[in-house]
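Accompanying notes for the structure given below.
Letters A, B, ... are given to chains in the order of the sequence lines, protein chains preceding strands, and every chain is numbered from 1.
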Amino acid sequence: MNIDNIKKEFPIFDEKIQNNDLVYLDSANSSQKPKVVLDRINDFYSKQFSNVGRSLHYLAVAATNLYENTRSSVQKYINAKDKNEIVFTKGATEALNLVANTLGQSILEPNDEVLITELEHHSNYVPWHFLRKSKNIKIKFAEINEDGDLPIENIEKEITEKTKVIAITHLSNVTGAVLPIKEITQLAHSKGIVVVVDGCQGGPHLKLDMQDLDCDFYAISCHKMYGPTGLGVLYGKKKWLELPNKYEAGTMATAQVIAFDQSIKFLESIGIEKIIKHEKELIEYGQEILQKNNSVKLIGNPKKRSGVLSFTIKGVHPHDIATILDETGVAIRAGHHCCQILHDKLGIPASARASLGVYNSKDDLDKLNEGISNCKKIFDLK
Amino acid sequence: MNIDNIKKEFPIFDEKIQNNDLVYLDSANSSQKPKVVLDRINDFYSKQFSNVGRSLHYLAVAATNLYENTRSSVQKYINAKDKNEIVFTKGATEALNLVANTLGQSILEPNDEVLITELEHHSNYVPWHFLRKSKNIKIKFAEINEDGDLPIENIEKEITEKTKVIAITHLSNVTGAVLPIKEITQLAHSKGIVVVVDGCQGGPHLKLDMQDLDCDFYAISCHKMYGPTGLGVLYGKKKWLELPNKYEAGTMATAQVIAFDQSIKFLESIGIEKIIKHEKELIEYGQEILQKNNSVKLIGNPKKRSGVLSFTIKGVHPHDIATILDETGVAIRAGHHCCQILHDKLGIPASARASLGVYNSKDDLDKLNEGISNCKKIFDLK
Amino acid sequence: MNLKELYQEIILEHGKNPRNLGKTENFNKDAKGNNPLCGDNVHVYLKLNDQRKVEDISFEGSGCAISMASASIMTDLIKGKSDNEAKEIIEDFLGMIKENPELKNKILKEDDKTKLMCLSGVKQYPMRVKCATLSWHTLVSAMENDGKEVSTEN
Amino acid sequence: MNLKELYQEIILEHGKNPRNLGKTENFNKDAKGNNPLCGDNVHVYLKLNDQRKVEDISFEGSGCAISMASASIMTDLIKGKSDNEAKEIIEDFLGMIKENPELKNKILKEDDKTKLMCLSGVKQYPMRVKCATLSWHTLVSAMENDGKEVSTEN
Ligand SMILES: Cc1ncc(COP(=O)(O)O)c(C=O)c1O
Ligand SMILES: Cc1ncc(COP(=O)(O)O)c(C=O)c1O
């Protein structure tokens with residue numbers, strides 16, 4: 001599949017949004033969906049629908065096979081050792097909750113420490129916070145450096161004998177920093193520490209190789225990977241998890257699981273290397289044009305950045321930026337992006353965030369830049 | 001909408017299943033979906049998609065409004081007092097878990113009793129079972145009578161001073177018995193007992209009026225109500241629940257919620273009274289023809305039955321029945337239907353279950369009956 | 001382009017140089033408000049004297065141009081009013097943002113009304129309505145002094 | 001119609017009148033198996049003597065015609081075999097149900113093989129494969145006597 005034509009695969013870009021072409025720069029929030037995924041949902045419901053796993057009739061058997069097929073596709077896509085290491089959840093948030101519950105019941109004792117980072121999303125803080133309340137564990141925060149990066153040293157120095165778990169994002173949904181998970185896992189495992197990775201942003205932007213990363217858990221948000229809403233994946237090493245059906249209680253998001261197979265196929269048909277290259281070019285271009293604009297301050301300057309560019313404009317609040325950009329069809333997000341800890345640290349209440357998907361182009365970033373100029377004009381800035 | 005033509009609204013019935021017309025009698029497991037629902041999913045994804053509640057741009061605002069619209073539609077459909085009494089979950093199972101957690105944290109103390117019934121689905125037993133382990137509460141079971149019915153006396157006699165919660169199905173997914181929830185709630189409330197209703201089967205087959213039933217919680221499974229998979233609703237009286245967004249953590253099943261509005265509209269366009277009348281005729285017809293067949297034993301003989309007919313055939317195991325029926329396109333379910341307690345009580349390992357949806361007709365029940373004759377032929381029974 | 005209506009000069013000016021920013025001395029009523037979705041927060045302080053007149057009023061907080069301007073204009077107009085007058089103005093303002101085309105109260109002078117009407121641009125921006133109303137809801141809470149933190153999410 | 005292949009007379013007959021049903025006396029190895037999805041369960045008992053020969057074997061349980069027939073035929077054919085022979089037969093049977101068109105072992109006589117081949121009808125009924133194999137997996141577990149309960153769900 002040709003990356004230059006990829007936008008055509010996404011029906012939404014045929015629409016006018018308030019008379020504008022849609023410049024969608026909010027994929028870190030949720031990505032748009034390619035037609036193959038929508039068609040699969042529609043086809044499944046209109047030609048093959050049945051609940052999975054419980055009935056013996058033809059449709060039920062077929063649906064169960066399709067459902068398990070997706071499990072195998074995910075296994076292959078993320079290079080997990082075993083199909084049973086893949087659990088479907090309603091989202092990454094539920095996946096991370098499930099990990100915290102599992103570890104809370106198996107290994108965490110009062111006063112044990114869970115090490116997270118200042119970059120974490122709410123969803124990778126709240127479950128540990130609950131364990132703090134119910135099990136009296138401690139939460140420690142590895143600090144970011146001046147570049148908004150999280151070098152491994154900053155993790156290492158927070159590790160104590162009490163550290164049992166490191167729970168960490170693969171890719172910051174604010175700074176776009178890519179964290180050295182493989183090295184962190186090596187360090188952690190050498191000290192018997194379990195590694196939980198919030199892979200929400202890693203999912204769409206990075207090569208996923210569980211056996212290489214060697215982390216114990218990895219949480220994925222399917223709707224950010226060109227898949228349906230209401231679906232997440234928890235990868236967990238076999239030694240931590242019972243069989244998936246233990247966690248997949250009640251009727252599952254059957255149609256969504258079955259359609260997610262098409263998201264994986266879509267990603268595979270382009271190839272993650274191509275996606276990474278494309279998005280790297282975009283990020284570099286984005287950084288370049290925004291840095292030229294001297295009212296704009298990029299948030300963080302990580303060594304390796306992917307998928308996300310957050311910024312502030314001196315004198316214009318991010319909400320005002322978002323509203324003004326929206327008027328020309330440029331959809332970004334403003335707020336703290338569920339990363340209040342990071343924003344507190346940076347001393348800002350909110351930021352504006354442009355985030356990328358496979359369908360974006362330099363043109364989109366030019367429109368972002370024009371929108372920013374418009375903000376400055378309205379707010380009478382130089 | 002004319003009930004006789006309703007089948008045309010469901011695309012799946014245009015398909016041949018292994019060269020047969022589909023006779024779908026597994027709606028208690030999951031219902032088929034009308035075209036309006038599928039179109040809405042497709043339209044939303046291809047023309048309007050965005051995540052809800054977090055971004056300020058046009059698509060996000062529109063999606064948030066659509067999402068909240070469904071909450072209002074559900075509120076009206078079930079006659080809840082307040083929109084904020086409606087929480088979206090991934091399914092009824094999650095909804096019932098949420099109730100048990102909430103009550104476990106607020107009112108249940110060690111040795112308190114939760115009264116459930118022998119008719120309960122796994123999903124309305126397991127959450128209480130967990131509380132038994134974690135909080136040392138007790139579970140008691142109200143017994144069914146000889147007809148497989150659950151008269152209110154059998155509940156009354158299990159109530160003690162320790163009873164804090166009654167958790168009960170509205171409509172048994174095995175016997176089809178409709179329980180007198182309103183009376184049970186009156187009784188319970190007169191003793192300060194909280195009433196939790198598993199409305200999975202009540203949802204599609206009964207008139208839902210929360211203010212009339214007056215129960216404290218009611219769990220609904222949207223995929224059994226002609227809606228998308230991966231979605232449930234928890235109704236909870238305002239005094240029990242915080243605002244819905246407290247429970248709707250992480251990215252929700254946005255597209256599914258938005259499409260469920262069409263399921264509600266579909267149900268409203270027929271009218272629940274018509275549905276009830278139609279399904280009553282079918283159940284009566286089904287009982288009649290199966291009772292004529294003297295190898296067939298219907299499970300239970302409740303005063304008020306709706307939506308479900310379960311049976312056994314002496315000398316043919318339910319799995320064999322299901323396989324043989326399937327060969328002619330008749331889809332039923334065989335097993336214990338997640339009601340092991342009931343099957344143990346009845347002394348049978350499994351049963352065959354034919355369950356109804358709005359699209360079924362007497363013709364479908366005739367085909368069921370033919371299939372049963374075929375079973376008897378193969379197994380050489382008279 | 002409705003942006004011009006949203007970001008009128010007076011809004012931009014109040015947004016940039018908000019009046020009554022800070023914690024007034026000797027306040028006897030206060031309340032906090034926040035918008036958990038976008039992280040805006042505001043703290044309103046007021047001094048209601050024995051004659052139930054708003055002797056002083058101020059606010060602390062951070063937020064977008066709309067929310068800062070709204071708090072700034074609000075404090076400006078409420079200062080010196082009796083608590084009943086204040087309540088009438090608040091109700092009138094919230095009603096105007098919600099549905100009414102005009103302000104109806106007879107308390108404010110025409111040019112003060114014009115200032116408030118400038119905030120009506122948010123009507124076309126549903127997600128921004130909360131930016132304009134948060135400080136007003138917080139003022140209500142402060143006057144009732146019920147100590148409840150105001151949240152936009154209900 | 002493949003139903004005729006699935007429900008061959010011999011299956012129906014064994015299903016109706018299963019051989020070796022019950023708990024054999026003096027068993028020294030046993031294991032339970034269950035299919036949590038449909039509620040089938042089986043308990044296999046065997047007596048392996050000093051010469052490592054299956055002196056006796058029986059089963060308890062309830063299930064569909066296929067599962068009862070499979071357990072019945074299995075116990076019939078395994079009785080009197082050495083443990084190594086038993087293992088070869090089991091492996092051969094499971095291989096046949098999974099993918100092989102034929103049985104390959106040289107231990108069973110032709111008409112015994114024919115009986116087993118009757119169970120191959122389940123190949124066209126993926127959901128029923130577990131009915132046919134549960135008792136066999138349970139037998140493996142009993143022979144290894146590792147005390148693990150066999151479940152179809154893995
Ligand atoms: C009575 C009853 N309760 C609970 C459930 C579980 O609902 P869900 O699968 O939507 O979680 C079902 C359906 O399987 C049911 O029939
Ligand atoms: C880094 C990160 N973690 C967790 C989440 C939560 O994921 P979900 O909304 O799918 O539960 C998100 C997305 O909002 C995210 O960006």
Which of Ser67(D), Ser62(D), Cys131(D), Cys64(D) passes side chain to side chain contact (heavy atoms under 4.5 Å, CB included) with His317(B)? Answer is Cys64(D)
CD (Glu91(D)) with more than 12 external heavy atoms under 6.0 Å: no
Exceeds 12 heavy-atom contacts within 6.0 angstrom, atom CG of Asn19(B): no
More than 12 foreign heavy atoms under 6.0 Å from NE2 of His122(B): is that the case here? no
Looking only at heavy atoms, the pair that brings Ile378(B) and Leu12(D) closest together is O-CD1, 3.2 Å
Pairwise side-chain contact, Tyr125(D) with Glu327(B), heavy-atom cut-off 4.5 Å (strictly under): yes
Beyond-backbone contact of Ile324(B) with Leu6(D), side-chain heavy atoms, under 4.5 angstrom: no
Any ion pair linking Arg128(D) and Asp320(B) (charged N to carboxylate O, less than 4.0 Å)? yes
Tell me whether Lys53(D) at atom NZ has more than 12 heavy atoms from other residues, nucleotides or ligands lying less than 6.0 Å away. no
Using a cut-off of 6.0 Å, state whether more than 12 heavy atoms not belonging to Phe141(B) lie near its atom CZ. yes
Nearest-0.5 Å distance, CD of residue Glu9(D) to CG of residue Asp380(B): 8.5 Å
Should we count NZ of Lys81(D) as having more than 12 external heavy atoms under 6.0 Å? yes
Give, as side chain, backbone, both or neither, the part of Ile66(D) having an atom under 4.5 angstrom from any heavy atom of chain B. both
